[in-house]
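In what follows, a structure is listed as structure tokens, so that the remarks can point back to it.
Order of the sequence lines sets the chain letters (A, B, ...), proteins ahead of strands, with each chain counted from 1.
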There are 2 protein chains.
Amino acid sequence: MSREDRREQILDAAAHVVAQVGLAGASTDVIAREAGVSQPYVVRTFGGKQPLIDAVFSRMRDRVVGTFADAPLDGSAVECMGEAYVRLVRDRDTLLVLLHAFAASGDPRIGEVTRDCMRRVFEIVAGRFGDDAEAAAFVGQGMLINVLLAMDAENHPDLARLVTASAALPGAAGS
Amino acid sequence: MSREDRREQILDAAAHVVAQVGLAGASTDVIAREAGVSQPYVVRTFGGKQPLIDAVFSRMRDRVVGTFADAPLDGSAVECMGEAYVRLVRDRDTLLVLLHAFAASGDPRIGEVTRDCMRRVFEIVAGRFGDDAEAAAFVGQGMLINVLLAMDAENHPDLARLVTASAALPGAAGS
DNA sequence: GTCTATACTAGGATAGAC
DNA sequence: GTCTATCCTAGTATAGAC
């Protein structure tokens, strides 16, 4: 297999592991097993754990921003952005890596990624809405839904009321 | 010093370390140094790292819920809940521990804490607002502000537009 | 391009002294 | 109640074979 294919394969595995246990908890050993390669190969391919984690977060940002950038153009802004968001949250690993990145934004490397991600998503959303306040409300709503998804709220009846209320907000697009 | 005082002291240190590096990254060694005690003492006091981390998250939930439960009663719902939220985010460690907990909600223990936290905060807020949709919007807005604080958005001019738009939302209470 | 073997460090936990 | 010394496991990284 080519180096590039392996890289992607390992990044998938790394994103999956980071999603589950966070950056510090993600061992190159478990990532390697998940990818079906040896641990030293993972280290060698990326030059260490740190560069690997950086790559995981960068790719996450690109995917998040890309999802909104590629949003459909037909229909209202709420529909288009809502549809983009629905596509985004289908990739659970990306969503969880995003949450881990937010929590770890105190780290300069990661903070740069999350700020960049935030800024670009907001600019895209605001551009479509044509209104900063509405865009901020949309993003905030997305944040709430993100954490509800992370805590598996749909399968916990005691959160049903909040889930219903969140999904009913404008822009939730029936997700 | 009494066992109880030491417990609190270590919990403070643990919350601070977890806030910076996450649960997996928080070593009992660093926590001990932060608290000014020996590493074996930390382990001994809580019976291991896991119970210590559990205690950190439980205390975080109690503080978050308590802040809203103790919100002032004078003024409008937006003002009261906004004021409670402003008090909450003054404790940076609690805020960051909350974000780490969200990301780690896949873990059953932690998921239970975050869901409990979410449910109770939402019920308090919804009770004050008298409207689930408004309450959900308020919480979503809080989520957005949380991550903006985590990524130190105030000190990054390229996020000024988003910060301004978020702060201008109803309920932000000039935070 | 990928593995096995291995070196080295860090981290959690225990034993026992004070 | 608190420490020092220490054990053991896990985790990152390197060397070198295939």
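Sequence order on DNA chain C of the closest nucleotides to A:Pro40 and B:Gly47 puts A:Pro40 first from the 5' end. Residue A:Val37 is the one, among A:Val37 and B:Thr28, whose nearest nucleotide of DNA chain C lies closer to the 5' end (criterion: closest heavy atom). Along DNA chain D, the nucleotide closest to A:Ser27 and the one closest to A:Arg44 are compared, and the more 5′ of them pairs with A:Ser27. For B:Arg3 and B:Gln39, each mapped to the nucleotide of DNA chain D holding its nearest heavy atom, the one lying further toward the 5' end belongs to B:Arg3.
In this structure, the salt bridge (Lys or Arg N to Asp or Glu O under 4.0 Å) partners of A:Asp54, at least two apart in sequence or on a different chain, are A:Arg109. For B:Arg44, the side-chain hydrogen bond (donor to acceptor under 3.5 Å, both in side chains) criterion is met by no residue, not counting sequence neighbours.
Ring-plane geometry between B:Phe129 and B:Phe138 is classed as tilted, the angle between the planes lying from 30 to 60 degrees on a 0 to 90 degree scale.
There is no path of hydrophobic side-chain contacts, each under 4.5 Å, that joins B:Val43 to B:Val56.
As a whole-Å value, the separation of A:Tyr41 OH from D:dA15 P is 18 Å. To the nearest angstrom, P of D:dT9 lies 16 Å from CG of A:Asp29.
Here the closest non-hydrogen pair linking B:Gln9 and B:Ala35 is NE2-O, 3.1 Å.
Contact annotation for B:Ser38: base contact, defined as any heavy-atom pair under 4.0 Å involving a base atom. Backbone-only engagement by A:Ala26 is indicated by non-hydrogen atom pairs under 4.0 Å involving sugar-phosphate atoms exclusively.
Between the side chain of B:Arg115 and the backbone N or O of A:Met151, at least one donor-acceptor pair lies under 3.5 Å.
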Report, one line per pair, each donor and acceptor closer than 3.5 Å where one atom sits in a side chain of residues 64-75 of chain B; sequence neighbours left out.
| from | atom 1 | to | atom 2 | distance (Å) |
| --- | --- | --- | --- | --- |
| B:Thr67 | OG1 | B:Arg63 | O | 2.6 |

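If you walk DNA chain C from 5' to 3' and mark each nucleotide with an atom closer than 4.0 Å to a heavy atom of chain B, the marks span C:dG11 to C:dT14.
A side chain to side chain contact (heavy atoms under 4.5 Å, CB included) with B:Tyr85 is found for one member of B:Val121, B:Asn146, B:Val125 and no other, namely B:Asn146.
Residue pairs meeting the side chain to side chain donor-acceptor pair (under 3.5 Å) criterion with at least one member in residues 23-33 of chain B, sequence neighbours excluded, are B:Thr28-B:Gln39, B:Asp29-B:Arg33.
Within residues 48-55 of chain A, no residue is approached by DNA chain C to less than 4.0 Å at the level of any non-hydrogen atom.
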